[in-house]
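For reference, the structure is listed below as structure tokens.
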2 protein chains.
Amino acid sequence: MSQQRSGGEAGLSTRNGAGPDFPDLPDATVARLPEYLRSLHQMLEAGQDTTSSEGLAAAAGVNSAKLRKDLSHLGSYGTRGVGYDITRLVEQIEHVLGLTIHRGVALVGLGNLGHALAGYAGFASRGFEIVALFDADPARVGEMVHGLAVRHIDQLAVTVTQERIAIGVIATPARAAQSVADQLVAAGVTSILNFAPCVLSVPEGVDVRKVDLAVELQILSFHEHRKANGNGQANGVARGSAARPGEVAA
Amino acid sequence: MSQQRSGGEAGLSTRNGAGPDFPDLPDATVARLPEYLRSLHQMLEAGQDTTSSEGLAAAAGVNSAKLRKDLSHLGSYGTRGVGYDITRLVEQIEHVLGLTIHRGVALVGLGNLGHALAGYAGFASRGFEIVALFDADPARVGEMVHGLAVRHIDQLAVTVTQERIAIGVIATPARAAQSVADQLVAAGVTSILNFAPCVLSVPEGVDVRKVDLAVELQILSFHEHRKANGNGQANGVARGSAARPGEVAA
DNA sequence: CTCTGTGAACTTGTTCACAGCG
DNA sequence: CGCTGTGAACAAGTTCACAGAG
């Protein structure tokens, strides 16, 4: 697993017992499906209605064998000699990712980053709706942010339970994050996206994904360092990256 | 591999030819070093000066064998029967990651996210300084954001070259990202952190890391979907995540 | 004859388990 | 004797290369 890649615990992903609708996907595959989906939507907008593994792979920045293997895990939705029907593939991926269900998200912490996340168009366009905002600072409570009023963190339990929110986003300072996570979990949240630079511990059955902006820069720094010192043929693009192979433009 | 996982091309990382100072680290190890570093700093602040692999592993959310293997790639900086000297380990990791050198960063795109990034304290505290802001919108040019004036994107080449900026952050809409990347590369930038939801193509020798906020939610959605349908023992925490193993609280 | 789907080879990453240093 | 450092076993992920469907 990418950013980041890569890191994190074993990533058991998902064990078997799967019906036809819930194939048992490798973690690495799950992490790439959203990227395929994005490329497919782009193609639809461009008026395309069919694509080859080669074409979609190029658009998503992976190689075609990998793409075919990923898609084959969903079942066979391609036609040999022709390619994939884009609409059908989109439906299939959205179904597997559970994007056909509308998902409400609670956002905790309305500092700089929280404000940006609250207004991030990319969430809404992908079927996620931020339905509640929380902050511990009384000065921020009541403030309207992108059409939603900020509530005090004390309201978290009630709201999350009432609105059956299953996904929480933590954008608080690190020192507050564990406590917020505990409250989210207690209220019934089972998936957390954590932007605070700290490790959260949560009960089994709760998924946490972490995005640490500074970590990404530090990884780039490592590669810079190596390039600068001319050692090895440093050039690697890892976890979640997107360089196409062998292009030399500039 | 995995958050990134992590997606992306082969991830050659770094080939050999390494001197003692530039060990050839596996990508997965590089991705974890920043997390170790953060935990170590936290321990220093708490007044600790020594830690065991077990202790640091717990703090960083990995298992201790992995941690020891990761650190062993840097050379032997532990004492058997005792543990690691925190200060020494911090120095070593910072050196390997190239954090001893001050790195200026250019940020392009000052929408919601760009504003948040410009003010993100986590960058500065990790040795990265945002030294220039760019936007294409004339209405935003000249605006002061966290002490820096926004310049027009036309100034990018000059500024990046003059200030010898090696790292660029793209926080523009997707449609502008490729053009911005091209300009960054042309001006000499060799590492790019891309927040735009699109694949960038860059020449060999340039590293790109991608952070896509919506992708993270979609991955969580997949696990939600499986949990809701009770299929398999869904619970996996992948790329860049941070749940401790086997804790059952709440 | 083209392009998918997939076994098999290979590479990378993780975990185990223990030798041996301090 | 505790804890690091590491070979060896294992697991996951990637790539190759080709059979065979359309």
Side-chain angles (χ1 to χ4, degrees), chain A residues 1-2 4-16 23-33 50-58 61-85 88-89 92 236-240 245, chain B residues 1-2 4-16 23-33 50-58 60-85 88-89 92 236-240 245-246:
Chain A
M1 238 98 75
S2 194
Q4 329 166 94
R5 325 190 44 145
S6 323
E9 272 326 294
L12 300 172
S13 123
T14 321
R15 284 281 164 69
N16 210 326
D24 219 4
L25 307 178
D27 283 348
T29 296
V30 173
R32 280 186 298 261
L33 288 179
T50 277
T51 183
S52 66
S53 64
E54 204 65 57
L56 179 52
V62 304
N63 86 29
S64 64
K66 199 189 294 191
L67 178 121
R68 286 199 302 277
K69 185 144 279 185
D70 283 343
L71 295 188
S72 78
H73 285 121
L74 312 185
S76 285
Y77 292 91
T79 310
R80 291 170 194 235
V82 179
Y84 300 90
D85 179 90
R88 221 172 97 155
L89 200 48
Q92 190 51 216
V237 155
R239 214 182 62 183
Chain B
M1 175 162 331
S2 88
Q4 260 75 84
R5 226 60 84 219
S6 33
E9 274 326 294
L12 301 170
S13 123
T14 322
R15 285 282 165 67
N16 210 325
D24 220 1
L25 305 180
D27 283 347
T29 297
V30 174
R32 282 186 297 261
L33 289 178
T50 275
T51 183
S52 66
S53 64
E54 205 66 55
L56 179 53
V62 303
N63 86 28
S64 64
K66 200 190 291 194
L67 178 121
R68 288 200 300 278
K69 186 143 280 185
D70 283 342
L71 295 187
S72 78
H73 285 120
L74 312 184
S76 285
Y77 292 91
T79 312
R80 290 166 196 240
V82 180
Y84 300 90
D85 179 90
R88 223 171 94 156
L89 199 47
Q92 189 50 215
V237 155
R239 212 182 64 184

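What you see is a predicted model; the values in this text were computed from it and never measured. Scope of the values below: all heavy atoms of this structure, side chains included, with no hydrogens, waters or symmetry mates.
- Taking atom CG of B/Asp27 as the reference point, atom C1' of C/dT14 lies 15 Å away to the nearest angstrom.
- Separating the NZ atom of A/Lys66 from the P atom of D/dA12 is a distance of 17 Å, rounded to the nearest angstrom.
- Atoms CD (A/Glu54) and C1' (D/dT15) sit 13 Å apart, rounded to a whole Å.
- Here the P atom of nucleotide C/dT6 and the CG atom of A/Leu74 are 12 Å apart, to the nearest Å.
- What you find for A/Leu56 and A/Thr51 is that their closest heavy atoms are N-OG1, 3.5 Å.
- Under the rule for a side-chain hydrogen bond (donor to acceptor under 3.5 Å, both in side chains), B/Ser52 has no partner lying at least two apart in sequence or in another chain.
- Residue B/Tyr77 places no side-chain N or O under 4.0 Å from the OP1 or OP2 atom of D/dC3.
- In this structure, CG of B/Asp24 is placed 13 Å from C1' of C/dT12, rounded to the nearest angstrom.
- Regarding contacts with the backbone of C/dG5, a side-chain N or O of A/Ser76 is found under 4.0 angstrom from either OP1 or OP2.
- In this structure B/Arg88 satisfies the side-chain contact (heavy atoms from CB on, under 4.5 Å) test together with B/Tyr77, B/Asp85, sequence neighbours excluded.
- One can place CG of B/Asp70 at 13 Å from C1' of D/dT6, the figure rounded to the nearest angstrom.
- When the options B/Leu71, B/Asn63, B/Asp70 are evaluated for a side-chain contact (heavy atoms from CB on, under 4.5 Å) with B/Leu67, the one that passes is B/Leu71.
- When distances run from any side-chain atom of A/Ser72 to the nucleotides C/dT15, C/dT4, C/dT6, the shortest one goes to C/dT6.
- Listed pair B/Ser53 / D/dT4 meets the phosphate criterion, a side-chain N or O lying under 4.0 Å from OP1 or OP2.
- One interatomic measurement links the two molecules: NE2 of B/His73 to C1' of C/dT12, which rounds to 11 Å at whole-angstrom precision.
- Between A/Ser52 and C/dC3, a side-chain N or O to OP1/OP2 separation shorter than 4.0 Å is absent.
- If you measure from atom CZ of B/Arg88 to atom P of D/dT4, you get 14 Å, rounded to the nearest angstrom.
- Nearest heavy atoms, A/Leu74 versus A/Gln92: O-OE1, 4.0 Å.
- Taking the nucleotide of DNA chain D with the nearest heavy atom to each of A/Thr79 and B/Leu71, the more 5' of the two is matched to B/Leu71.
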Practice item. Take nucleotides 16-21 of chain C nucleotide by nucleotide from the 5' end and write B, S or -, depending on whether a protein heavy atom sits under 4.0 Å from the base, only from the sugar-phosphate, or from neither. Key: BB-BBB
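- Taking A/Thr79 as the reference, A/Val82 meet the side-chain contact (heavy atoms from CB on, under 4.5 Å) condition, with sequence neighbours excluded.
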